[in-house]
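Each remark here refers to the structure printed beneath this line.
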Protein chains: 2
Amino acid sequence: MRHPKVTYSTEAAFQALADPTRRAVLDLLRQGSQPAGQIARAFPISRPAISKHLRLLRRAHLVQERREGRHRMYQLNPEPLKAVDSWLEHYRVFWKANLNNLKAFVESEYAKETGKSE
Amino acid sequence: MRHPKVTYSTEAAFQALADPTRRAVLDLLRQGSQPAGQIARAFPISRPAISKHLRLLRRAHLVQERREGRHRMYQLNPEPLKAVDSWLEHYRVFWKANLNNLKAFVESEYAKETGKSE
DNA sequence: TATTTGTGTAACGGTATGGTTACGCATTAT
DNA sequence: ATAATGCGTAACCATACCGTTACACAAATA
């Protein structure tokens with residue numbers, strides 16, 4: 001198949017996103033691919049520490065690595081985030097519900113103030 | 001203020017979502033508030049284990065607890081998920097980009113097959 | 001009052017995280 | 001050939017996580 005449908009583990013994605021440094025790495029890669037060293041230089045922690053974060057991100061398929069000379073270019077792969085997004089989808093309705101509740105509350109308060117029964 | 005704008009730690013939310021059991025607890029609470037014991041009975045692990053997951057969820061403000069007789073009712077609070085959602089927002093554009101690339105690819109393949117130059 | 005029920009916490013153990021320094025190994029530059 | 005650069009991995013450490021069993025304690029029930 002030319003366009004195989006790949007499903008990534010939601011588990012690995014959520015787990016990878018748990019660490020703020022890893023999220024920051026992803027945020028960085030939104031601006032474009034970068035070699036590992038350059039990524040590391042953007043953070044106050046050691047290069048091996050970043051290397052390990054990159055390994056986790058690779059494991060979660062959130063980044064793709066390709067060798068380019070003596071560099072390892074890292075590229076963002078947003079695909080697994082879709083799973084996260086669709087998990088969240090179920091909750092969006094609640095935000096709307098809360099907004100509706102707030103609206104109802106405000107309106108009932110208003111009704112009180114103006115003395116209207118309903 | 002009657003409706004203070006509360007900002008929760010994105011950090012705690014992402015961290016809480018890292019565990020599949022905790023996500024499942026949230027999924028369960030979408031159906032309505034439940035006492036701790038009933039939540040625990042829905043899982044194959046011990047009650048204290050669930051109790052600790054609930055503590056983490058509380059810490060992340062993803063659930064609210066209120067005492068009701070000898071029960072502790074847990075209610076979903078989707079609020080902190082907004083932060084997760086807005087982090088994700090930055091990545092949605094990439095999915096669309098990928099879809100566009102796919103579309104462009106398919107169209108160019110089609111063009112080849114039909115011999116059309118564009 | 002004595003007991004059962006519902007729930008959190010303490011203490012403990014195994015494993016994963018997240019960081020560090022030391023090292024190994026390609027690849028490029030001298 | 002030798003040195004420098006870029007990067008992953010190994011070994012190690014401290015701390016957090018996730019589970020367990022034992023316990024404490026308030027609220028409902030007998």
Side-chain angles (χ1 to χ4, degrees), chain A residues 8-29 32-77 80 84, chain B residues 9-29 31-77 80 84:
Chain A
Y8 299 115
S9 141
T10 321
E11 189 46 33
F14 271 109
Q15 202 260 336
L17 295 186
D19 185 86
T21 301
R22 284 193 292 269
R23 290 198 303 279
V25 168
L26 295 179
D27 287 339
L28 192 62
L29 290 178
S33 300
Q34 292 191 20
Q38 190 173 334
I39 296 172
R41 264 175 262 120
F43 295 89
I45 61 179
S46 73
R47 196 188 46 70
I50 293 292
S51 190
K52 281 161 70 175
H53 282 305
L54 288 172
R55 174 158 50 177
L56 265 177
L57 289 171
R58 255 183 279 135
R59 196 172 71 188
H61 300 279
L62 282 163
V63 299
Q64 251 186 316
E65 179 221 318
R66 75 170 184 284
R67 315 182 64 140
E68 204 165 279
R70 61 181 165 185
H71 290 201
R72 309 265 183 125
M73 295 297 289
Y74 280 89
Q75 181 175 20
L76 178 65
N77 177 30
V84 175
Chain B
S9 142
T10 321
E11 188 46 34
F14 271 109
Q15 201 260 335
L17 296 186
D19 185 87
T21 301
R22 284 192 291 268
R23 290 198 302 278
V25 168
L26 294 179
D27 288 340
L28 191 62
L29 289 179
Q31 301 166 211
S33 300
Q34 292 191 20
Q38 190 173 334
I39 296 172
R41 263 174 261 121
F43 295 89
I45 62 179
S46 72
R47 197 189 45 68
I50 293 292
S51 190
K52 281 161 70 174
H53 282 306
L54 288 172
R55 177 159 48 177
L56 266 177
L57 289 170
R58 254 184 281 136
R59 197 172 69 185
H61 300 280
L62 283 163
V63 299
Q64 253 186 317
E65 179 222 319
R66 75 169 184 283
R67 314 183 64 139
E68 203 165 280
R70 59 182 166 185
H71 290 201
R72 307 265 184 127
M73 294 298 288
Y74 279 90
Q75 180 175 20
L76 177 65
N77 177 30
V84 175

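Predicted model only: the values in this text are computed from it and were never measured. Chain letters run A, B, ... following the sequence lines, proteins first and then strands; every chain starts at 1.
- Taken from CZ in R58(B) to OG in S51(B), the straight-line distance is 6.5 Å, to the nearest 0.5 Å.
- When rounded to the nearest whole Å, the span between CZ of F14(B) and C1' of dT17(C) equals 18 Å.
- Look at CE on M73(A): it is 18 Å from C1' on dA26(C), rounded to the nearest Å.
- Checking dC17(D), dG18(C), dG8(D) against the side-chain heavy atoms of S51(A) singles out dG8(D) as nearest.
- H53(B) is not listed as a side-chain neighbour of I39(B), based on a closest heavy-atom distance of 4.5 Å or more.
- When each of dC18(D), dT20(C), dG6(D) is scored by its nearest atom to the side-chain atoms of H71(A), the top-ranked nucleotide is dG6(D).
- Judged as a salt bridge (Lys or Arg N to Asp or Glu O under 4.0 Å), not a single pair has a partner in residues 37-55 of chain B (not counting sequence neighbours).
- Rounded to an integer number of Å, the gap from I50(A) CD1 to dT9(D) P is 15 Å.
- When R70(A), R72(A), R66(A) are each tested for a salt bridge (Lys or Arg N to Asp or Glu O under 4.0 Å) with E68(A), only one passes: R66(A).
- In this structure, E65(B) atom CD and dT9(C) atom C1' are separated by 13 Å, rounded to whole Å.
- Put simply, the side chain of L62(B) does not reach to within 4.5 Å of the side chain of V25(B), judged on heavy atoms.
- Within a 6.0 Å radius of CD in Q64(A), no more than 12 heavy atoms belonging to other residues, nucleotides or ligands are found.
- Under the rule for a ring-ring contact (aromatic ring centres under 6.0 Å, His included), the partners of H61(B) that lie at least two apart in sequence or sit in another chain are Y8(B).
- Within 4.0 Å of Q15(A), counting heavy atoms only, lie sugar-phosphate atoms of the nucleic acid but no base atom.
- Taking atom CD of residue Q34(B) and atom P of nucleotide dT7(C), one finds them 11 Å apart after rounding to whole Å.
- Rounded to an integer number of Å, the gap from CD of E11(B) to C1' of dT17(C) is 13 Å.
- Looking only at side-chain heavy atoms (C-beta outward), L57(B) and Y74(B) stay at 4.5 Å or farther from each other.
- Counting all heavy atoms, side chain and backbone alike, A60(B) lies closest to A12(B) at CB-O, 3.6 Å.
- Residues in residues 9-26 of chain A take part in these salt bridge (Lys or Arg N to Asp or Glu O under 4.0 Å) pairs, two or more places apart or across chains: E11(A)-R23(B), R23(A)-E11(B).
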So which protein nitrogen or oxygen atoms get under 3.5 Å of nucleotides 27-30 of chain C's nitrogens or oxygens?
unit_1	atom_1	unit_2	atom_2	d
dT27(C)	O2	R70(A)	NH1	3.4

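- Taking 4.0 angstrom as the limit, Y74(A) places a side-chain polar atom (N or O) nearer than this to OP1 or OP2 of dG8(D).
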| task | Check step by step if side chain to side chain contact (heavy atoms under 4.5 Å, CB included) holds for L29(B) and Q75(B). | result | CA-CA 6 Å; L29(B) 289 179; Q75(B) 180 175 20; over 6 Å; no

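- Of the two residues near DNA chain C, K52(A) and L54(B), the one whose nearest nucleotide lies more 5' is L54(B).
- Taking the side chain as every heavy atom from C-beta outward, T21(B) and I50(B) approach each other to under 4.5 Å.
- For dG19(D), the OP1/OP2 oxygens have a side-chain nitrogen or oxygen of H53(B) closer than 4.0 Å.
- Atom-to-atom, CG of L17(B) to P of dC18(D) comes out at 12 Å; the value is rounded to the nearest Å.
- Distance D19(B) CG to dA16(C) C1': 13 Å, rounded to the nearest Å.
- Listed by residue number, the members of residues 21-28 of chain B with any heavy atom below 4.0 angstrom from DNA chain D are R22(B).
- In this structure, P35(A) reaches the sugar-phosphate backbone alone: every heavy-atom distance under 4.0 Å involves primed, P, OP1 or OP2 atoms, never a base.
- Contact annotation for R47(B): base contact, defined as any heavy-atom pair under 4.0 Å involving a base atom.
- DNA chain C is contacted by I45(A), S46(A) of residues 36-46 of chain A, taking any non-hydrogen atom closer than 4.0 Å.
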